[in-house]
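Throughout, a chain's letter reflects where its sequence line sits, starting with A, and its residues are numbered from 1. What you are looking at is a predicted structure, and each value in this text was computed from that prediction instead of being measured.
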Amino acid sequence: MKGREFLINLCKACNDGKSTAKLHSQILKTGFSHDSFLATKLTSLYSNFSSIEQVQKLFDEMPQRTVYLWNSILRAYSKRKRWKKTWVLFKNMISDEKGEENVPDNYTLSTVLKACAELQLLKHGEILHGFLWKHEKIRLDLFVGSALIEFYSKCGEMSDASKVFNEFEKPDVVLWTSMVSGYEQNGYFEKAIAFFSRMVLEEGVDPDRVTLVSLVSACAKLMNLKLGRSVHGFVVRRGFESELSLVNALLNMYAKTGIVKVAEILFRMIEVKDVVTWSSMIGCYSRNGASVESLNLFNEMINRGCRPNAVTVVSALQACAVACDLDEGRRIHELATKRGFELEVSVSTALIDMYMKCLSPDEAVNVFRKMPGKDVVAWVALLSGYALNGMANKSIGIFKDMLCSGIQPDAVSMVKILASSSELGILHQAECLHGYVTSSGFDNNAFIGASLIELYSKCGSLDYAIKVFEGIIDKDVVLWSAMIAGFGIHGRGEEALKLFHRMVKSSAARPNDVTFVSILSACSHAGLLLQGIEIFHMMVNDYGLHPGSEHYGIVVDLLGRTGELEKAMDIINRMPVPVEPHVWGALLAACRIHHNVEIGEVAAKNLLCLDSNHAGYYILLSNMYSVDGKWGNLAKIRSLIKEKGLKKMIGQSMIEIRNEVHSFVADDKLHPECEKIYELVGQLEVILKLQLQHI
DNA sequence: TTAGGGTTAG
């Protein structure tokens, strides 16, 4: 048996494909090819160093198939994430006539359960679990236990995962971690944290780096920066800073909670970055509106030789969408095509979103057409994109097509569909969608409720909006804000104020920055100057909120409408946040109304510095000149518009006849064209809504 | 021969 021992030693020395092949030929030469131990060793060596085809070939040639050999081939497929094949092989294993000891053991079960988890084969996994009831020794193996927990949590069955966990008297850190991450991945973030606390405080189990990754992810999802920071401290104390997955999780936590500066410092401190590190930081910038930084980092990543993956591209495309940078978006599209992940659902969807936000709907539609597996997110990106590009009339058709394709909307998509429909203002359509919401059981969703209120408000039916609002018992801040905004857009400022005070006095909801946008603009539209200013002070002094450019814009609008142009100018000069174009725009519009060319020119100058390609602002300025008879200046502006080739999107009118929506350019020909339609349909029931829509 | 983890789209 000397030769066998020699071969076994040779196995230990094998560290690449070449030496494995050499060993294989020696085994064949020395006549040990029937030795099941050597065969298994050889299979796992091939599994490590060669292609799966070679492993399979070797397996097929084996005269005897022991459970060890089966385990080796199952692992070879599982390691390569070939889950379907792993499952099929397992089925072959249990019905194999060549096998002598083909009863699956703990190794087999943990590998196959993983395949069931990845393939979401709940029933199959449950049968395997049933089989284990007769084999306690295997069932209580820690590896099988963690595989079972992972299987149940990937199938969304956390109560079953918990039952498995409770069977273990002394679960190890991996089992505890499997539960923590199971809860985290199924959206039970509080439970994940509670489970972690139990593990550490009650059971005295020392968390390792993997446990901490799941914990940090839960903190990020809950925006629990306090706990997250303390975990960061723990990571540093324990010397886990070199664990990239953990640092990436921390980076992501700061990114998600909007602490960009800290994320930036952490990012620069990471010496060896991987694609996840880069993608997280690029995504951090995109989500926080820093599109220039995001795209610069994307280029830096490529220059440093790190290959972007689909996730990186999605984040970079978001930055293009934020910046309206169509050229850069197209370049990234090309890159995605070259790298072969253009057709991945998330990439295609991000492309649709980018093209739509860069106002190039045709390119978005091209991407959508090419997509192989359109899911609800892709459909909704298209639908919202049309609304954004002033073609909300197409949205409802897309929604119908989506339902016909068997795609069911979720809560987020319902919100988007309602928002797109609100661009049209067709009451009949709103009622249909409301019916759909009710029949699909989305009634109690506060976000959907708020969208319905907005939709009915924009369709002119404030009564329906109030009905929806009063019908929801647990009113949260989103709902209150939506209703206040509803009163606001109807010019019913007093009622908006009344509702705001009711909210403050009689509800648990605390007004946030959005609520203040709603109430301030309600005051502005109704010309309630004093009340508006009072609300603004309340926001700062009573609620400690920091007004953004949007709030300042409304205050400027408020002062501007009532002719307080100097005061408005003063507010702008003292703004602690960057002045965005719309603030100067509000002042310029006010100057036009009140014929103040002097301040108007200051506003225009600043405005055009910030955004020199917005045709609307030039037109606003030229209108101001024409009202005041400054024809020379007017001519200059007009020629500047021509020179720059700027075009203002033309307003359109929509008319719905039966179930068809028709749009017209809103000029003098509008009415005759409408009449034509009337003639066309004769005595048929016409018109639900006629609305001038500025695109 | 075996385990648990980090980035993305509406």
Discussion item. Could you check whether the side chain of A:Thr177 and the base of B:dG4 have a donor-acceptor pair of N or O atoms closer than 3.5 Å, going by distance alone?
Written reply: yes
Worksheet item: What's the closest nucleotide to the A:Ser245 side chain, out of B:dG4, B:dT1, B:dG5?
Response: B:dG5
Discussion item. Does this structure show an ion pair linking A:Asp353 with A:Lys357, if we count only N-O contacts that are shorter than 4.0 Å?
Written reply: yes
Discussion item. With a 4.0 Å limit, can you tell me whether A:Gln318 has a side-chain N or O closer than that to the phosphate oxygens OP1/OP2 of B:dA9?
Written reply: yes
Fill in: Aromatic ring of A:Tyr68 stacked on base six-ring of B:dT1, 5.5 Å, 30°
no
Worksheet item: Which one, B:dT8, B:dG5, B:dA3, comes nearest to the side chain of A:Gln185?
Response: B:dG5
Discussion item. If I take atom NZ in residue A:Lys154 and atom P in nucleotide B:dA3, what distance separates them, rounded to the nearest angstrom?
Written reply: 13 Å
Fill in: Pairs satisfying side-chain hydrogen bond (donor to acceptor under 3.5 Å, both in side chains), at least one member in residues 370-385 of chain A, at least two apart
A:Glu342-A:Lys370
Fill in: Nearest-nucleotide pick for A:Val210, side chain only, options being B:dT1, B:dG10, B:dG5
B:dG5
Worksheet item: What is the distance from CD1 of A:Ile407 to C1' of B:dA9, rounded to the nearest Å?
Response: 15 Å
Worksheet item: Heavy atom of residues 279-287 of chain A under 4.0 Å from DNA chain B: which residues?
Response: A:Ser279, A:Ser280, A:Arg287
Discussion item. Can you see if the side chain of A:Lys79 gets near the phosphate of B:dT1 - specifically, an N or O under 4.0 Å from OP1 or OP2?
Written reply: no
Worksheet item: For the side chain of A:Asp208, counting heavy atoms from C-beta on, which of B:dG4, B:dA3, B:dT8 is nearest?
Response: B:dG4
Practice prompt. Apply side chain to side chain contact (heavy atoms under 4.5 Å, CB included) to A:Arg198 and A:Trp176, showing your working.
Written response: CA-CA 10 Å; A:Arg198 212 181 106 197; A:Trp176 279 100; 4.0 Å; yes
Discussion item. By the 4.0 Å heavy-atom rule, please label A:Val216 as base, sugar-phosphate, or nothing.
Written reply: nothing
What pairs of donor and acceptor atoms, side-chain ones from residues 250-259 of chain A against any protein atom, are under 3.5 angstrom apart with sequence neighbours left out?
residue, atom, partner, partner atom, Å
A:Tyr254, OH, A:His232, ND1, 2.8
A:Thr257, OG1, A:Met253, O, 2.7
A:Thr257, OG1, A:Tyr254, O, 3.3

Worksheet item: Rounding to a whole Å, what distance do you find between A:Leu266:CG and B:dT7:C1'?
Response: 14 Å
Worksheet item: Of all the choices, B:dT2, B:dG4, B:dG10, which nucleotide is nearest to the side chain of A:Thr211 once you look at every atom?
Response: B:dG4
Worksheet entry | Interatomic distance where CG belongs to A:Leu58 and P belongs to B:dT1 [whole Å] | 16 Å
Practice prompt. Using a strict 4.0 Å threshold on nitrogen-to-oxygen distance, state whether A:Glu118 and A:Lys114 make a salt bridge.
Written response: yes
Worksheet entry | Separation of atom CE in A:Met371 from atom P in B:dA9, rounded to whole Å | 14 Å
Worksheet item: Base, sugar-phosphate, or nothing for A:Val376, non-hydrogen atoms under 4.0 angstrom?
Response: base
Worksheet item: Looking at B:dG4, B:dA9, B:dA3, which one has an atom nearest to any side-chain atom of A:Asp353?
Response: B:dA9
Worksheet item: Reckon A:Ser181 touches a base, only the sugar-phosphate, or nothing at all at heavy-atom distances under 4.0 Å?
Response: sugar-phosphate
Item to complete: Report the nucleotide, chosen from B:dG10, B:dT8, B:dT1, that has the shortest atom-to-atom distance to any side-chain atom of A:Lys256.
Response: B:dT8
Worksheet item: Are A:Glu334 and A:Arg331 within salt-bridge range, i.e. N to O under 4.0 Å?
Response: no
Worksheet item: Counting any heavy atom closer than 4.0 Å, what does A:Glu243 reach on the DNA or RNA strands: base, sugar-phosphate only, or nothing?
Response: base
Practice prompt. Measure the distance from CZ on A:Phe368 to C1' on B:dG10 and round it to the nearest whole Å.
Written response: 12 Å
Discussion item. Less than 4.0 angstrom from a charged side-chain N to a carboxylate O is my criterion; do A:Arg268 and A:Glu300 meet it?
Written reply: yes
Worksheet item: Out of A:Ser291, A:Ser294, A:Ser315, which residue meets the side chain to side chain donor-acceptor pair (under 3.5 Å) rule with A:Ser286?
Response: A:Ser294
Worksheet item: Below 4.0 angstrom from OP1 or OP2 of B:dT1, is there any side-chain N or O of A:Lys41?
Response: yes
Fill in: Ring-base stacking, A:Tyr107 with B:dT2 (5.5 Å, 30° cut-offs)
no
Item to complete: Could you tell me whether A:Leu74 contacts a base, only the sugar-phosphate backbone, or nothing, with contacts defined as non-hydrogen atoms closer than 4.0 Å?
Response: nothing
Worksheet item: Quick one: which of B:dG5, B:dG10, B:dG4 gets closest to the side chain of A:Val213?
Response: B:dG5
Worksheet item: For the ring pair A:Tyr386 and A:Phe399, is the centre-to-centre distance below 6.0 Å?
Response: no
Worksheet item: Quick one: does A:Ser146 reach the base of B:dA3 with a side-chain donor-acceptor pair under 3.5 Å?
Response: yes
Worksheet entry | Per A:Val311 side chain, nearest of listed nucleotides B:dG10, B:dA3, B:dT7 | B:dT7
Worksheet item: Can any side-chain N or O of A:Glu241 pair as donor or acceptor with the backbone N or O of A:Val235 at less than 3.5 Å?
Response: no
Fill in: Donor-acceptor pair (no angle test) under 3.5 Å: A:Asp375 side chain, B:dG10 base
no
Worksheet entry | A:Asn252 side chain near B:dT7 phosphate (N/O to OP1/OP2, under 4.0 Å) | yes
Practice prompt. Starting from C1' on B:dG5, measure out to CG on A:Leu251 and report it in whole angstrom.
Written response: 15 Å
Practice prompt. Tell me what A:Val345 touches on the nucleic acid: a base, only sugar-phosphate, or nothing, going by heavy atoms under 4.0 Å.
Written response: base
Worksheet item: NA contact type, A:Ser413, heavy-atom cut-off 4.0 Å: base, sugar-phosphate, or nothing?
Response: base
Worksheet item: Tell me: CG of A:Leu175 to P of B:dG4, nearest whole Å?
Response: 11 Å
Worksheet, complete the sentence: Among the nucleotides B:dG5, B:dT8, B:dA3, whichever has the atom closest to the side chain of A:Ser315 is B:dT8
